Every structure is written in C-alpha cells, then in structure tokens.
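Just so it is clear, the structure is predicted and the values come from calculations on it, not from any experiment.
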Amino acid sequence: MKKKLILYLSKLDRPDNVSIASTLAWLAKTKDCLFDNYYDSYHQGVHFPGGDSRNLSTGLLTGGTVCGDRHFEEFYFILHKFDVSIVSTGETIFSQSIKNLGVPVIALSDQLSVIYQRTFNYLNAALPLNIVMIGSSFGKTLSGLEAYLYPEIYYRQAIGVPETISDEDLAGLYQKGGKIFCFFVADDVTGRLVKKGYNIEVVDQLKSGDDYLTVTERIAHRWEKTVKGWILGDPILAVHWVPTACEKDLIAIYSVPQEKIVSQLGPLVSSRGNVVYGRQYSDRDFFELSKLNQCLQVIDPCRPPFQSVRHAEYGWDTNGHGNGFYNDEYSDEELRQFASEGRILVSLMFWSGMIREVENFHNLMDLIAMSRLRCGMIVTAQSYEYMMHPPFELLTVPLHQGGVYPLVEPVLGSCGVGVGIESYMTKERLLEDMAEGLSRILKKVKNDSFAPRGWWATMDTDLEKLDRPERPSAVRFLKYPPYFQLRYHGRDKKFSDGAPSDTEISGSLKQRFVEKIGRLVQERGLMKYFEAYRPYEFYKAGAVKKDVVEAVKSTGLKYMFTKAGFNTNPETKYADDDFIALNYTSGQWDGWTPFETVNDVSDLKKSERALLKRNKPGWMVSTIDSCLWTFSGEFWKRGNRLFEIAQFCAAGGASKKLINVKPYTIARYARIIAGKGGHH
C-alpha cells in the first residue's frame, strides 16, 4: 500500500504559508502521513551567491528553473510513488495536471477556516483548541521573519494563523476553552482580540534592537529540549524546508552574517546532531561549523522540487555488472607499461554532493554520455537518498542503452553526510560522519562494488598564508572573456532600510569618491572587469594531516585526493599496503570552497604541457564545481565551455597523448609508480 502524502500547494508570496504548512506537518505526522509543500515562484536557476538575501531578487533565491530542474517530472514521480492528496490556497502551476490526472483535492480555498476544517475532517481529526497567531509587521529589516516560527505551531500542535486573518475566519476556528498564543503580533491586533473576548497569551514580542539573530536565538532556546538539529539560512530557504524541519526536529536559525548565530549558539549547535542543513552566507560558515564538529548539508528551495522524494522506495538492479563501477579499465600489466613509457593519465571529479546538487545530474549525465568522458562523481549519502531514480540511476545503465555505465565512479565527498573543513574537525567525528555516509549509501545500493572507494576532501590541510611574492597581483589575466580583471578588497554589503547613519553621512571624501566610481562602473556594465579578492585567496593548502588520513583509511576506503601539494608535479602524499593519498595537478586556487578547480580548458592545457615536458609518468586530476556549470540557469551561460573541458580530457588532451580514466585507476597507477603494486 502506498504511503499517504499530504501536499500543500501555494504561491510563495502568501504570508500565511508557514502557518498552514506547520499545522499540516504536525497533523500529517499524527496520522502517519508524509507532508510536503511547493510554492509557485520565479526561478532563475542560478547558484545562490551568498550574502544578505534581502539584497537579492527572488529569482536568485528560489533554486532551479521549472523545466531545467524537472519540477513536473518530479511531481509525476511522487504521484506514482505515494497516495497524494492536495491542499491548496488557489490555482497553482500544477492545477491543470491535478485536474487532468484526477489527483484528489482535499481543500482548494484561500480561507484558512475552510482549509483546516476540510483537511482535519478528511483525516478524521478534531480541530485543536489552541491557535498560534504570527505577526506580519516586520518591515524590510526583518522581512520573512515568520519563516522561523514554525516550531511554535508544530510543537504545540496548534492551528497556525497570521495576524491578518479575517474576523470571520478566526471565529470559525476559535473554540470555547481555547487560547490564542501570540508571537510578534501588533499591539492593535492583540488589543482587538481582547476586546472581542478571545483568551490570548502574548508569548513573544519584538524588542528594541531585535534582529534575526536575537529572535531565532530565543526560538532555539524555547525548544532546546526538543531540537535534534539545525537549519541555517535565510527566510526563503526556511519557509521552503518546513516539511523536513518538522519531520527531523530541526530548528531554523539565522543572522547577518550567519557566523554570528553559529558563534552565539555554539555549544547548543555542537550538541545537537552532526549535520546542519542550510546554505552559506559566506565560506566562513563552513569553518565556524567545522570548529563545532558540524558539517553543512547545503540545500536550496526546490532542489529537489519535493523533499518527500527521499521516502520513495527505489532500488538499482546491480546484477550482471561484474565488479560494478570497478571493472578494470586497464590491467596492472598495462599500467606498468604506461609507467615505463612516461604516460599521463587524466581524470576529472565533479563535485555534486549536496542535496541541492541533485539538479546537476540532469546536465551531467548528458555531458558524460555525449563526450564519453571517464570521470568521478563526488557524492554523499543524501545524493542517493534524494535521487536513486533517473538521472542518477543512469550511472548503472550501459552507455549503449542511453546511460553512462561504466564511465563514472562515485567518490565519497568530504564528511559523507555533508561538507566540512575536515582539518578543523576531530578525527573521531570525521570518521563517524564518513562511516555513517558509507553505511547509508550501501543501504541504498546493496552491493559494495557500487559504493565509493575513494575520498574527496574540501580542505583536509591547514591553510597557510602566502609569502608576499606568492600573493595574487592587482591585475589578473585570463584565457577567456573578459581576458583581464582588476582586483580589489571587497567588503560585505550591509543591508540598509534606506536611512543613512551619521557615520555614513559624514564619510570621507575618499570613501564617497570610491562609491561614486563603483556606481559608475555598474551603470556602464563594466563590473566584469573587476573582481574582489576571495576570502582565502591569500592562503594555500599546507601539509597532509595524519589524523585525517587515518580517519579516511579507517572507513575502508582505498584512496584519497588531498589538497596538499596542489598544482605541482604528481606526488604520492601517503601510501601503505592498503591506502594511498594523491595530489591534484591541474586547475586554479579559487580562494573559496572547494578551493582547487578547473575554471577553463586553458587550465588543463597548461597542465598538459607541463606534465608532458617532464617525460615522467603521472596524472592530471582536478575538480569541477558542478553547480557553477550545470545548475539549470548556469548551464545556459557556461555549458559550451564545460563540454569543451570534457571533450579535451576524453580525447586525450591537445596532444592526444593523455589517457582518460576514472579516479580509481589513477590510484592504482600511482601505487604502481610508487612501487606499491596496483590492486589493493
């Protein structure tokens, strides 16, 4: 029998979405149903740029495009896998599909009393006595604050309503003996409620100096005995992920910048769970969370379109594939012959290990099939849990049948259940996380020949400051448009409600001149010729850390790529009878996560010339930060350049002398070069 799923559909700009979603979430749980939501909105399909979300347009915040991220395909998939019933506030993007496919509709109304009465009746449940009323007068400085108040409704198992609810609607929901719990409700509204005879309790109000940090901190402390983990992110992210937050007992927290709330709640954050869900304000979030032994699992709205997909039972047929992803591309004898000839093996690894990055698989599978590129796919447990179905399933489907098998092998990414700065975490926590990730993957694939054997690190070494001669120059020359950029030291753009402070008004002449030039550059469309230095551009990776190597080795993995020794000659950084650690030999130091990546085919051409000139055996390996290339919006801007990169490697480079293989074969080759033997 299919599991029941209550699906709430609405438009993103409705102020009562959190009230309704958190009410339906607890109701569904008490009736052993799944719950999910989807909000109609404008999508640009881009990589979230970080920073203060109040300075960004909605389309930059809402995840993948409808067509590019296959919202309708995913809708049809959950209709097939679950017994879906719809609750909707009106016409939505799926309305015609719902009518044509005969999907049951529990409630279709913009009146809360109608929605609740019909839904509770459908599930044979009585309306609760208590109501939680949420304010809405937050202004620009606290816009979207209601997104963080779902715990007040969910854990009280109350009816959620906004303060803008009509008198008629409220009267239809209020019952004798009940109480209205008020959160940030305007004084005139609470006064009117008292006059009408309602029993109310004002639980929390906005105080002077309140911001996202202080408000979400109070919510976290109110429910700290219940919370099992965290969502760290902006209001639009939080409102979309209410179903998962309620199901997993996650409290959403936020500040500008986010590192402030992480620091403020440090002991509490570190003591609940081992994975924080959210998206980074800046890369400092990764470092601050890692200091607390927490990794980050990056999420976006609508990536995937429906969070309930992780409950869909879906398996792979792994019979008849021999050694799975690890059938020999070349025998040990052939690899020894390559080594004697001084051959260079080449492989790319596509970073796509976050929940939001399951969107990448649509374009990546096409890219790999068309170019016949042999490569690694960097994944975590959640990659499997949120997309065992196509396109991820194509990893196991033979190329001649339309899939990409046997061109790709999975590589375990970072903590295995999220991404962290591994060198900042304890050996014990890193091992625990990776072991959990591998266990969850094996639970999905059933066969260890389809699980990762290698490891990819975000930053497994300490960061060391560059000496002055090594530091980046003020002018950067590129092999691709715009061909050069002027560098400058940026600063975080602070949100303003429009009123300049006294300090700003009395700013120096130099500051005003710089700001005027900045506006002029933007108005003339010249920003592409300017780029701020990135947070870690004045650093480099240090030496391999023994604790990290031991943690990775203890999981049973066979090889790792370390950030140590980046873009130098091929080097084995660690090797024993069972394990080997290799360096990256191509790409650029990006100055932010994931630090070492290919930005253009010219990066590979440069490495090819240098490695062939040595006339020694080795490897050319780097990472592609997939979401910057294959997210539905980014793909239209950069897709052709990514195809050029893939073709270059698959064809053996400009020289045609490179040999394209998967990362596991690189590890075997490195062992032979190091005199450790091939298979292990």
Taking atom types as modelled, find out whether [X] and [Y] have a side-chain donor-acceptor pair closer than 3.5 angstrom.
{"X": "Gln382", "Y": "Gln297", "result": "yes"}
{"X": "Ser622", "Y": "Ser586", "result": "no"}
{"X": "Asn599", "Y": "Asp590", "result": "yes"}
{"X": "Asn327", "Y": "Tyr405", "result": "yes"}
{"X": "Glu422", "Y": "Thr458", "result": "yes"}

Does the pair Glu329 and Arg374 meet the rule for a salt bridge (charged side-chain N to carboxylate O under 4.0 Å, His left out), with working shown?
CA-CA 10 Å; Glu329 296 177 283; Arg374 293 180 178 271; 3.1 Å; yes
Pair Tyr38-His71, ring-ring contact (aromatic ring centres under 6.0 Å, His included): steps then yes or no
CA-CA 10 Å; Tyr38 181 97; His71 290 201; 5.6 Å; yes
Donor-acceptor under 3.5 Å ([X] side chain, [Y] main chain):
{"X": "Ser352", "Y": "Glu357", "answer": "yes"}
{"X": "Arg638", "Y": "Leu628", "answer": "yes"}
{"X": "Arg429", "Y": "Asn293", "answer": "yes"}
{"X": "Asp462", "Y": "Ala541", "answer": "no"}
{"X": "Glu288", "Y": "Asp283", "answer": "no"}
{"X": "Lys81", "Y": "Glu313", "answer": "yes"}
{"X": "Arg70", "Y": "Gly68", "answer": "yes"}
{"X": "Asp460", "Y": "Ser423", "answer": "no"}
{"X": "Thr597", "Y": "Thr623", "answer": "no"}
{"X": "Asp234", "Y": "Asp52", "answer": "no"}

I would like to know whether Tyr574 and Lys553 meet side chain to side chain contact (heavy atoms under 4.5 Å, CB included); could you show each step before the answer?
CA-CA 11 Å; Tyr574 174 89; Lys553 181 182 173 182; 3.8 Å; yes
Please name the pair of heavy atoms, one in [X] and one in [Y], separated by the smallest distance, quoted to 0.1 Å.
{"X": "Asn360", "Y": "Thr630", "value": "OD1-OG1, 2.8 Å"}
{"X": "Thr380", "Y": "Gly418", "value": "CG2-N, 4.2 Å"}
{"X": "Pro410", "Y": "Tyr326", "value": "O-OH, 3.7 Å"}
{"X": "His43", "Y": "Ser41", "value": "CD2-O, 3.1 Å"}
{"X": "Tyr150", "Y": "Leu250", "value": "OH-O, 2.6 Å"}
{"X": "Met354", "Y": "Val298", "value": "SD-N, 3.2 Å"}

Between [Y] and [X], is there a side-chain heavy-atom distance shorter than 4.5 Å?
{"X": "Glu247", "Y": "His311", "answer": "yes"}
{"X": "Leu296", "Y": "Phe286", "answer": "yes"}
{"X": "Trp592", "Y": "Glu537", "answer": "no"}
{"X": "Trp230", "Y": "Ile253", "answer": "yes"}
{"X": "Arg272", "Y": "Lys228", "answer": "no"}

Quick check on ring-ring contact (aromatic ring centres under 6.0 Å, His included): which of Phe561, Phe350, Trp351, Tyr584 does Trp456 satisfy it with?
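When ring-ring contact (aromatic ring centres under 6.0 Å, His included) is applied between Trp456 and each of Phe561, Phe350, Trp351, Tyr584, only Trp351 qualifies.
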Side chain to side chain donor-acceptor pair (under 3.5 Å) partner of Asn583, chosen from Thr572, Thr562, Thr568:
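Answer after filtering Thr572, Thr562, Thr568: Thr568.
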For Phe538, I'd like to know if atom CZ has over 12 heavy atoms of other residues, nucleotides or ligands within 6.0 Å.
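Enclosed: over 12 neighbouring heavy atoms sit under 6.0 Å from CZ of Phe538.
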Mark yes when over 12 heavy atoms from residues, nucleotides or ligands other than Arg641 sit less than 6.0 Å from its CZ; otherwise mark no.
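Check passes, neighbour count above 12.
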Among Leu289, Val419, Leu232, Asp285, which one satisfies side chain to side chain contact (heavy atoms under 4.5 Å, CB included) with Gln280?
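When Leu289, Val419, Leu232, Asp285 are each tested with Gln280, the side chain to side chain contact (heavy atoms under 4.5 Å, CB included) holds only for Asp285.
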Give, for atom [atom1] of [X] and atom [atom2] of [Y], the distance between the pair rounded to the nearest 0.5 Å.
{"X": "Ile236", "Y": "Leu56", "atom1": "CD1", "atom2": "CG", "result": "9.0 Å"}
{"X": "Tyr386", "Y": "Arg310", "atom1": "OH", "atom2": "CZ", "result": "4.5 Å"}
{"X": "Met377", "Y": "Ser626", "atom1": "CE", "atom2": "OG", "result": "6.5 Å"}
{"X": "Gln44", "Y": "Thr58", "atom1": "CD", "atom2": "OG1", "result": "9.5 Å"}
{"X": "Cys649", "Y": "Leu348", "atom1": "SG", "atom2": "CG", "result": "4.0 Å"}
{"X": "Tyr664", "Y": "Arg453", "atom1": "OH", "atom2": "CZ", "result": "5.0 Å"}

Could you walk me through whether Val269 and Gln294 pass the side chain to side chain contact (heavy atoms under 4.5 Å, CB included) check?
CA-CA 8 Å; Val269 169; Gln294 293 279 14; 4.2 Å; yes
Give a yes/no verdict on a cation-pi contact between [X] and [Y], requiring under 6.0 Å between NZ or CZ and the six-membered ring centre and an angle within 45° of the axis.
{"X": "Arg356", "Y": "Phe48", "answer": "no"}
{"X": "Lys444", "Y": "Trp316", "answer": "no"}
{"X": "Arg440", "Y": "Tyr384", "answer": "no"}

Check against ring-ring contact (aromatic ring centres under 6.0 Å, His included), Phe287 and Tyr536
CA-CA 12 Å; Phe287 285 81; Tyr536 303 101; 4.7 Å; yes
Taking the six-membered ring where the residue is Trp, are the ring centres of Phe635 and His362 under 6.0 Å apart?
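Ring centroids of Phe635 and His362 are no less than 6.0 Å from each other.
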Tyr559 and Phe579 aromatic centres sub-6.0 Å:
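Ring centres of Phe579 and Tyr559 not closer than 6.0 Å.
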Plane angle bin for Tyr314 and His389 - parallel if under 30°, tilted between 30 and 60°, otherwise perpendicular:
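Plane angle over 60°, so perpendicular.
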Tell me whether the rings of Trp589 and Phe566 are parallel (<30°), tilted (30 to 60°) or perpendicular (>60°).
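Answer is tilted, since the angle falls between 30° and 60°.
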Inspect the contact between Asp300 and Arg279 and indicate whether a charged nitrogen and a carboxylate oxygen are less than 4.0 angstrom apart.
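Salt bridge between Arg279 and Asp300, a charged N being under 4.0 Å from a carboxylate O: yes.
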For side chain to side chain donor-acceptor pair (under 3.5 Å), just list the numbers for Ser371 and Gln647, CA-CA rounded to whole Å, side-chain angles, deciding distance to a tenth of an Å, and then say yes or no.
CA-CA 6 Å; Ser371 65; Gln647 279 189 313; over 6 Å; no
Chi angles and distances behind the side chain to side chain contact (heavy atoms under 4.5 Å, CB included) call for Glu596, Gln588
CA-CA 6 Å; Glu596 300 170 3; Gln588 296 183 23; over 6 Å; no
Can you check side chain to side chain donor-acceptor pair (under 3.5 Å) on Tyr330 and Asp328, steps first, answer last?
CA-CA 5 Å; Tyr330 296 98; Asp328 281 357; over 6 Å; no
